[in-house]
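Heavy atoms only: backbone and side chains are in, while hydrogens, waters and symmetry mates are out. Sequence lines set the chain letters: A, B, ... in the order given, protein chains first and strands last, and positions in each chain run from 1.
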2 protein chains.
Amino acid sequence: MKKLTIKDIAKEFNVSISTVSKALNDSYEISQATKDKIQKYAKENNYKPNFNALSLKNRSTKTIGVIMPTMLNYFFAQVFKGIEDAANKNGYKVITCISNQSHNKEAEIIEMLSNGSIDGFILSMAKETELKNDFKHFNETIENGTPIVMFDRVAHSIDCDKVIADDYNGALNTVEFLHKKGHKKIAFISTMSDLQIGKQRFLGYKKGLENVGLPFNDDLVVNILEKDYKKYEKK
Amino acid sequence: MKKLTIKDIAKEFNVSISTVSKALNDSYEISQATKDKIQKYAKENNYKPNFNALSLKNRSTKTIGVIMPTMLNYFFAQVFKGIEDAANKNGYKVITCISNQSHNKEAEIIEMLSNGSIDGFILSMAKETELKNDFKHFNETIENGTPIVMFDRVAHSIDCDKVIADDYNGALNTVEFLHKKGHKKIAFISTMSDLQIGKQRFLGYKKGLENVGLPFNDDLVVNILEKDYKKYEKK
DNA sequence: GTGAAAGCGCTAACAC
DNA sequence: GTGTTAGCGCTTTCAC
């Protein structure tokens with residue numbers, strides 16, 4: 001069964017394609033009788049306006065490009081669920097790609113999607129991008145008129161909207177909270193001490209200790225870096 | 001900076017758009033000199049053929065619709081990574097939607113993407129779909145000429161390609177393996193005893209016990225259903 | 001070697 | 001109330 005087009009419907013009723021188009025869009029120009037029969041026929045035969053034709057015409061794809069550093073991580077999986085859900089509710093689709101923490105892959109993804117596939121990006125930087133401090137691809141994208149919204153692992157120097165957590169005060173408040181509960185030996189364990197968000201948390205942790213008058217003890221700080229836990233991951 | 005089109009390039013060099021198109025596609029009809037200057041200009045100005053125009057013309061979008069029951073689950077997150085990776089390597093994009101185990105949402109997603117947005121589906125059934133045994137939306141999609149590939153939670157009655165694990169023998173072999181290691185009390189814990197894959201594993205488990213001559217003990221079977229662990233999940 | 005024109009499916013301005 | 005036409009960006013057949 002071939003996909004139905006406006007043209008097919010026009011032929012069916014011996015009217016012009018513009019009549020069909022208007023009827024389907026419930027235009028006031030078209031008589032109720034015509035609209036009724038055309039809409040009925042369209043529904044019965046499962047007509048759906050072609051996505052690419054609409055996107056081409058409207059210069060808008062109603063789809064968002066999402067770039068995730070990884071999905072094998074409960075935080076990012078949750079964020080993805082949230083994005084997908086909100087997008088759908090607002091009539092948007094989501095094209096998702098995984099940078100796998102690689103700067104190169106990230107740039108490639110942006111390149112691949114910068115051809116009218118999407119209306120804009122939502123992304124969290126690859127680790128490598130942050131370490132390299134190389135944001136050229138982001139800047140070019142924005143200059144080319146494709147909006148970017150960054151979350152979690154963001155580059156503050158980029159001029160775009162960002163959604164972040166208050167990592168510094170989060171850690172600080174946690175220390176104060178634990179201290180209030182009577183705890184004296186508060187450890188800091190991080191898997192991302194090399195990233196900005198990790199550093200902020202560490203600074204908040206130290207400041208928290210200072211605030212409550214606890215000594216900072218290097219032995220209570222554990223940094224698990226990727227190279228260490230990577231070996232446990234199947235490739 | 002507006003996005004460059006073939007038309008812009010044509011104007012730049014005072015040639016026709018078809019010349020530009022051919023030059024960019026390295027056609028033998030065009031002189032090397034013309035090709036060189038046009039290709040150079042295109043590259044320098046970051047020309048990219050418009051995705052929607054190509055899809056419209058070619059009737060192929062080079063994108064796959066992926067429907068996941070959930071992403072908050074290491075198995076599905078891994079599968080997603082695999083799909084995304086393989087797709088990208090083959091020049092495909094991936095539009096991913098989460099059914100959240102809902103039959104309705106699953107049908108809506110299929111409906112939403114069945115307008116020429118994608119060339120085909122890769123999906124794992126929502127739990128509700130399996131329990132309801134209602135596969136109308138799948139059959140209609142296939143009849144309409146959109147291919148479906150199912151994985152993991154599949155409906156065997158649907159005529160399409162499927163990628164599955166051998167749940168029955170997997171469980172059976174595991175029991176035999178453990179028995180060979182000297183274990184006598186082998187428990188069965190499942191979070192999906194209501195799904196086909198869960199039932200297969202359970203049958204394999206029982207058969208395994210039988211094969212090695214161990215008694216089946218109901219107390220060693222634990223079924224954790226969604227309603228039980230759901231309360232631990234943030235909504 | 002280059003260009004004109006039709007067509008992919010759709011919308012919208014403008015006839016009639 | 002309905003139809004014609006141009007155009008979105010691109011490819012491709014057919015002229016020249």
- Query: So, does the side chain of B:Ser18 form a donor-acceptor pair with the base of C:dA4 at under 3.5 Å?
  - Reply: yes
- Message: With a 4.0 Å limit, can you tell me whether B:Thr19 has a side-chain N or O closer than that to the phosphate oxygens OP1/OP2 of C:dT2?
- Response: no
- Are a donor atom and an acceptor atom from the side chains of B:Asp26 and B:Gln39 found within less than 3.5 Å of each other? yes
- Task: Determine: side-chain N/O of A:Asn58 to OP1/OP2 of C:dC10, distance under 4.0 Å, yes or no.
- Result: no
- List the steps, then state whether side chain to side chain donor-acceptor pair (under 3.5 Å) holds for B:Ser16 with B:Thr19. CA-CA 5 Å; B:Ser16 73; B:Thr19 300; 3.0 Å; yes
- Query: Rounded to whole angstroms, how far apart are NZ on B:Lys3 and P on D:dC10?
  - Reply: 11 Å
- Item | Between P of C:dA12 and CG of A:Asp26, the distance in whole Å | 14 Å
- Message: I'd like to know if B:Lys48 reaches the base of D:dG9 with its side chain, counting only an N/O donor and acceptor under 3.5 Å.
- Response: no
- Note on the structure: To the nearest 0.5 Å, atom NE2 of B:His156 lies from atom CD of B:Gln196 at 7.0 Å
- Task: Tell me whether the OP1 or OP2 atom of D:dG1 has a side-chain N or O from A:Ser31 closer than 4.0 Å.
- Result: no
- Task: Return the nearest nucleotide to the side chain of A:Glu29; candidates are D:dT11, C:dC8, C:dC14.
- Result: C:dC14
- Would B:Ser31 and B:Thr34 satisfy side chain to side chain donor-acceptor pair (under 3.5 Å), going step by step from the backbone distance to the final call? CA-CA 5 Å; B:Ser31 74; B:Thr34 311; 2.6 Å; yes
- Item | Whole-Å distance separating the NZ atom of B:Lys22 from the P atom of D:dA15 | 13 Å
- Query: Hey, what's the ring geometry for A:Phe75 with A:Phe151, parallel, tilted or perpendicular (30° and 60° as the breaks)?
  - Reply: tilted
- Task: Would you indicate what A:Thr34 reaches in the nucleic acid, counting non-hydrogen atoms under 4.0 angstrom: base, sugar-phosphate, or nothing?
- Result: sugar-phosphate
- Query: Given atom CG of B:Asn14 and atom C1' of C:dG1, what is their separation to the nearest angstrom?
  - Reply: 16 Å
- Note on the structure: note: A:Phe51, atom CZ; C:dT11, atom C1'; distance rounded to Å ~ 16 Å
- Task: Look at the side chain of A:Thr5 and the base of C:dG9, then say whether one donor and one acceptor between them are separated by less than 3.5 Å.
- Result: no
- Query: Of all the choices, D:dT2, C:dG9, D:dT12, which nucleotide is nearest to the side chain of A:Asn50 once you look at every atom?
  - Reply: C:dG9
- Message: Classify A:Ile30 by what it touches in the nucleic acid, base, sugar-phosphate, or nothing, heavy-atom distance under 4.0 Å.
- Response: base
- Check every atom of C:dT2, D:dT2, C:dG9 against the side chain of A:Ala53 and return the nucleotide holding the closest atom. C:dG9
- Rounded interatomic separation in angstrom, taking CD1 from B:Ile6 and P from D:dG7: 17 Å
- Message: Between B:Tyr47 and D:dC10, is there a contact of a side-chain N or O with OP1 or OP2 at under 4.0 Å?
- Response: yes
- Query: Any luck finding a side-chain donor-acceptor pair between A:Asn58 and A:Ser60 under 3.5 Å?
  - Reply: no
- Please report, rounded to the nearest Å, how far the P atom of C:dC10 is from the CZ atom of A:Arg59. 19 Å
- Do any side-chain nitrogens or oxygens of A:Lys7 fall under 4.0 Å of OP1 or OP2 in C:dC8? yes
- Query: So, is A:Asn52 near the phosphate of C:dC8, with a side-chain N or O under 4.0 Å from OP1 or OP2?
  - Reply: no
- Task: Calculate the interatomic distance between B:Leu56 atom CG and D:dG7 atom P; express it in whole Å.
- Result: 17 Å
- Query: If only side-chain N and O atoms of B:Ser21 are considered, is one of them under 4.0 Å from the OP1 or OP2 phosphate oxygen of D:dG9?
  - Reply: no
